Colleague: 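Let me begin by handing over the structure; questions about it come next.
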Amino acid sequence: MAPGNNPDSPSPKRFHFVGICGTAMGSVAAALKEAGHEVTGSDDGVYPPMSDFLASRGISIQAPFAAANLPPENGAVIVIGNAMSRGNPEVEAVLNARLPYISLPEALKENFLRGRHNVVVAGTHGKTTTTSMCAWVLRAAGLDPDFMIGGIPKNLGQGARLAGSDYFVIEGDEYDTAFFDKRSKFVHYLPEVAIINNVEFDHADIYDDLEAVMRSFERLLYIVPGNGLLLLNGDDANCRAILDRVRLRFQPPAALVGFGERCDRRIENVEYLPGESRFTLEGETYAVPMVGEFNVRNAAMAACAARFYGVDPGAIRAALAGFEGIKRRQDLRGEKRGVKVIDDFGHHPTAIRETVPAIRQQFPGCRVWAIFEPRSNTSRRNLMQAELAQALASADVAIVAAVANPEKVPGGQLLDVAAVTGAVAAAGKEAFQEDGVEAIVARVAAGAREGDVVVVFSNGGFGGIHDKLLAAL
């Protein structure tokens, strides 16, 4: 089945993407163009590499946003990106004219996911790595899946592929769908196999509390078909609680995966070695060239999903052994003067707390520096301030940057960086508050010594800090 030509749904000949330069928006737009549809788009931030990518696909981009950018023909469908909001001139024009519009997840659902074998990977942490492992294992086994991943797997070389495969592996984000649809994106993804790695409070800009997050994940359980498979982290109390709630109404085809005795598919005989982790699952032994308990569980989830589709354990074993990881996930950017600089996307206390021990496993005897930029909507707030301090205290030296865009944080909720570094220092670790990238770089260059590992935790570019650190070292 060619992408964008689903016989079960209307197939418009004209699409216009509002906010086309987003990574996922651009990928879907290009796939629809390749399927023979006419595609246009608009954005304010038009710059490489996405502008070059779209131009190479013959897609014109209008900038800035304006009502005149909208296609004049009747029957065109407007795809409105998640970053768009009321007040955008194209959004207002679409609403005023009662034009047909959909969200990006809806566009994926109707043009790429319907009728496919869809693996949806969800959870507060580990989505990108687990999705990448699943896609890589299925590809190595010859199933040649399409995929949509919020990162760049080194084995796959790109974050999206939409070529019309019968199999589709997609990262199921719990963030809201669009300004007009506040449900999580993953409720649109028609899962045959759904994986939930863990459930914690995050995205403080759209969820009021943990209970709201759990309700969102609960909706995903309800849409897994009876002939599908639901895989949950059996060691996560919130995952178990969600499953228990759903079982009061019906019996989903679920299995708990994890290390504990209550798990249906138990991870056993775990060995953590520098640069590698080994484990046994359902009588089969696997190894993955990654470190940390969380990566073992990610690999176990991928193995369980692959077994559902009949992939031989030997093929899974070979694929996991050859998995090369994800850019920006414990990604070694370079080494100077015997000091390693690692980039990590972690922006939640749990991610930091799990990553630091994994770094120690990979580089035994090292001194770990944790540099943290409070940039995400949750980390800029003081909702998990104590947990953040505890996580940073697992490192030997912690540096916390100034809160990014503090004016966007509601009154009384701003993260107190001084309090965080004070709590880390009280735990017996070195801790510093630095306002700018240059000050952080100077601090590291003066204090780092041979054998140290500097881990930069940020979900943004952080002012090019990685290259600046290597240059200064």
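This is a predicted model, so every value here is computed, not measured.
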Colleague: Say whether Thr350 and Glu200, considering side chains only, have a donor N or O and an acceptor N or O under 3.5 Å apart.
Modeller: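 Side-chain D/A pair, Thr350 to Glu200: present.
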Colleague: For the pair His37 (side chain) and Val39 (backbone), establish whether a donor and an acceptor sit closer than 3.5 Å, ignoring hydrogens and angles.
Modeller: no
Colleague: Go through the side-chain N and O atoms of Asp343 and His466 and say whether any donor and acceptor fall under 3.5 Å apart.
Modeller: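 The answer is yes; a qualifying pair exists.
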Colleague: Donor-acceptor check, side chain of Asp236 to backbone of Asn238, threshold 3.5 angstrom: yes or no?
Modeller: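 At least one qualifying donor-acceptor pair exists.
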Colleague: Between Asp435 and Ala402, is there a donor-acceptor pair closer than 3.5 Å when you use the side chain of the first and the backbone of the second?
Modeller: no
Colleague: Can a donor-acceptor pair be found, under 3.5 Å and without considering hydrogens, that links the side chain of Asn298 to the backbone of Thr129?
Modeller: no
Colleague: A side-chain contact here means heavy atoms from C-beta on lying under 4.5 Å apart; do Tyr175 and Asn82 qualify?
Modeller: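 Counting from C-beta outward, Tyr175 and Asn82 do come under 4.5 Å.
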Colleague: Is the side chain of Asn155 donor-acceptor paired with the backbone N or O of Trp136 at a distance under 3.5 Å, no angle test?
Modeller: no
Colleague: Should the pair Glu92-Arg86 be classified as a salt bridge under the 4.0 Å nitrogen-to-oxygen rule?
Modeller: yes
Colleague: Which heavy atom of Ala401 sits nearest to which heavy atom of Pro374, and what is that distance?
Modeller: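 That closest heavy-atom pairing would be O-CD, 3.4 Å.
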Colleague: Going through the checks in order, is the side chain to side chain contact (heavy atoms under 4.5 Å, CB included) test met by Val199 and Val213?
Modeller: CA-CA 8 Å; Val199 177; Val213 176; 4.0 Å; yes
Colleague: For the residue pair Phe168 and Tyr189, is the inter-centroid distance of their aromatic rings smaller than 6.0 Å?
Modeller: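 Between Tyr189 and Phe168, which both carry aromatic rings, the centre distance is not below 6.0 Å.
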Colleague: For the pair Leu108 and His188, evaluate side chain to side chain contact (heavy atoms under 4.5 Å, CB included) and give the outcome as yes or no after the intermediate values.
Modeller: CA-CA 8 Å; Leu108 278 166; His188 297 283; over 6 Å; no
Colleague: Checking Glu174 against Lys185 for the salt bridge (Lys or Arg N to Asp or Glu O under 4.0 Å) test, could you report, in this order, the C-alpha distance in whole Å, the side-chain angles of both residues, the deciding distance, and whether it holds?
Modeller: CA-CA 6 Å; Glu174 71 270 27; Lys185 295 174 185 174; over 6 Å; no
Colleague: For Asp416, does its backbone N or O pair with a side-chain atom of Gln385 as donor and acceptor, under 3.5 Å?
Modeller: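 Yes.
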Colleague: Between Arg116 and Asp166, does the salt bridge (Lys or Arg N to Asp or Glu O under 4.0 Å) criterion hold? Intermediate values first, please.
Modeller: CA-CA 5 Å; Arg116 313 288 175 85; Asp166 289 335; 5.5 Å; no
Colleague: Hey, is the main chain of Gly258 close enough, under 3.5 Å, to the side chain of Asp235 for a donor-acceptor pair?
Modeller: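 No; judged by distance alone, with no hydrogens or angles, the pair does not exist.
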Colleague: So, Asp467 and Arg333, do they make that salt bridge, N to O below 4.0 Å?
Modeller: yes
Colleague: Considering only heavy atoms from C-beta outward, does the side chain of Val18 approach that of Ile78 to under 4.5 Å?
Modeller: yes
Colleague: Testing the 3.5 Å rule here: is there a donor-acceptor pair between the side chains of Ser42 and Glu90?
Modeller: yes
Colleague: After noting the C-alpha distance and the side-chain angles of Arg14 and Glu38, does the key distance pass the salt bridge (Lys or Arg N to Asp or Glu O under 4.0 Å) rule?
Modeller: CA-CA 5 Å; Arg14 181 75 186 264; Glu38 187 176 354; 3.4 Å; yes
Colleague: Taking the basic N atoms (NZ, or NE/NH1/NH2) and the acidic carboxylate oxygens, is any pair closer than 4.0 Å for Asp331 and Lys154?
Modeller: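 Answer for the salt bridge query: yes.
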Colleague: Could you grab the distance from atom OG1 of Thr130 to atom NE2 of His125, nearest 0.5 Å is fine?
Modeller: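 Here the rounded value is 12.0 Å.
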Colleague: Begin from the C-alpha positions of Ile465 and Val441 and carry the test side chain to side chain contact (heavy atoms under 4.5 Å, CB included) through to its verdict.
Modeller: CA-CA 7 Å; Ile465 192 172; Val441 169; 4.1 Å; yes
Colleague: Evaluate side-chain hydrogen bond (donor to acceptor under 3.5 Å, both in side chains) for Gln62 paired with Thr40, printing each intermediate quantity in order.
Modeller: CA-CA 8 Å; Gln62 290 85 38; Thr40 59; 4.8 Å; no
Colleague: Taking the six-membered ring of Phe147, is NZ or CZ of Arg161 closer than 6.0 Å to its centre and within 45° of its axis?
Modeller: no
Colleague: In sequence, state the C-alpha distance, the side-chain angles, and the governing distance for Ile170 and Val121, and then conclude on side chain to side chain contact (heavy atoms under 4.5 Å, CB included).
Modeller: CA-CA 6 Å; Ile170 185 167; Val121 181; over 6 Å; no
Colleague: Ala93 and Leu70: which non-hydrogen atoms are nearest, and at how many Å?
Modeller: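 Ala93 and Leu70 have their closest heavy atoms at CB-CD1, 3.6 Å.
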Colleague: Under 3.5 Å, is there a donor-acceptor pair linking the side chains of Asn233 and Arg297?
Modeller: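 Yes, because at least one side-chain N or O of Asn233 sits under 3.5 Å from a partner of the opposite role on Arg297.
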Colleague: Hey, are the side chains of Val28 and Phe17 touching, using non-hydrogen atoms and a 4.5 Å cut-off?
Modeller: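 The answer is yes, as the side chains (C-beta and beyond) meet within the 4.5 Å cut-off.
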Colleague: Give a yes-or-no answer on whether the side chains of Glu373 and Ser458 include a donor-acceptor pair shorter than 3.5 Å.
Modeller: yes
Colleague: Between Phe457 and Phe345, is the ring centroid distance below 6.0 Å?
Modeller: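 No - the distance between ring centres of Phe457 and Phe345 does not fall below the 6.0 Å cut-off.
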Colleague: Do any N or O atoms from the side chain of Ser277 and from the backbone of Val288 form a donor-acceptor pair under 3.5 angstrom?
Modeller: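 Here the side-chain-to-backbone pair does not exist.
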Colleague: Atom CD in Glu434, atom CD1 in Ile371: separation rounded to 0.5 Å?
Modeller: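 If we round to the nearest 0.5 Å, Glu434:CD and Ile371:CD1 are 10.0 Å apart.
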Colleague: How close do Ile359 and Ile342 get, counting heavy atoms only, and between which atoms?
Modeller: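 It is CD1-CD1, 3.7 Å.
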Colleague: Are Arg219 and Ile223 packed together at the side-chain level, in the sense that at least one heavy-atom pair is separated by less than 4.5 angstrom?
Modeller: no
Colleague: Decide if atom CD of Glu34 counts as having more than 12 heavy atoms of other residues, nucleotides or ligands within a radius under 6.0 Å.
Modeller: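 Atom CD in Glu34 is not crowded, with 12 or fewer foreign heavy atoms closer than 6.0 Å.
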Colleague: Kindly compute the distance separating OG (Ser51) from CD1 (Ile59), expressed to the nearest 0.5 Å.
Modeller: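 Answer for the OG-CD1 pair, Ser51 versus Ile59, is 12.0 Å.
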Colleague: If you define the side chain from C-beta out and look only at heavy atoms, does anything of Met50 sit under 4.5 Å from Met25?
Modeller: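 A side-chain contact under 4.5 Å is absent here.
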Colleague: For the residue pair Phe217 and Gly123, what are the closest heavy atoms and their distance?
Modeller: CE2-N, 3.5 Å
Colleague: Have a look at Pro191 and tell me which of Leu220, Asn118, Leu113 forms a side-chain contact (heavy atoms from CB on, under 4.5 Å) with it.
Modeller: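 Result: among Leu220, Asn118, Leu113, Leu220 is the only option passing the side-chain contact (heavy atoms from CB on, under 4.5 Å) with Pro191.
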Colleague: So, do Arg353 and Val356 sit near enough that their side-chain heavy atoms are less than 4.5 Å apart?
Modeller: no
Colleague: If I take atom OG1 from residue Thr177 and atom CZ from residue Phe180, how far apart are they, to the nearest 0.5 angstrom?
Modeller: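 Separation between the atoms: 8.0 Å.
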Colleague: Taking all atoms of both residues into account, what is the closest heavy-atom pair of Gly172 and Val120, and its distance?
Modeller: CA-CG1, 3.9 Å
Colleague: Please tell me if the side chains of Ile352 and Val455 come closer than 4.5 Å, counting only heavy atoms from C-beta onward.
Modeller: no
Colleague: If you take all heavy atoms of Leu54 and Gly26, which pair is closest and at what distance?
Modeller: CD2-O, 3.7 Å
Colleague: How long is the straight-line distance from CD1 of Ile195 back to SG of Cys239, given to the nearest 0.5 Å?
Modeller: 11.5 Å
Colleague: I'd like to know if the side chain of Lys408 and the backbone of Asn377 have a donor-acceptor N/O pair within less than 3.5 Å.
Modeller: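 Flag not set: sc Lys408 to bb Asn377 has no pair under 3.5 Å.
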Colleague: Between CE of Met214 and CG of Asp209, what distance do you get to the nearest 0.5 Å?
Modeller: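 Going from the CE atom of Met214 to the CG atom of Asp209 covers 10.5 Å.
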Colleague: Could you tell me if the ring centre of His117 sits under 6.0 Å from that of Tyr309?
Modeller: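 So the answer is yes for these two rings.
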Colleague: Between Ser184 and Ser216, do the side chains contain an N or O donor and an N or O acceptor separated by less than 3.5 Å?
Modeller: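 Ser216 and Ser184 do have a side-chain donor-acceptor pair below 3.5 Å.
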Colleague: Please answer whether the main-chain N or O of Asp144 pairs with a side-chain N or O of Ser165 as donor and acceptor at a distance below 3.5 Å.
Modeller: yes
Colleague: Verify whether one side chain among Ser376 and Ser379 offers a donor that lies under 3.5 Å from an acceptor in the other.
Modeller: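 Yes, Ser379 and Ser376 have a side-chain donor paired with an acceptor closer than 3.5 Å.
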Colleague: With a 4.5 Å heavy-atom cut-off, do Asp44 and Pro64 have their side chains touching?
Modeller: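 Touching, per the 4.5 Å side-chain cut-off.
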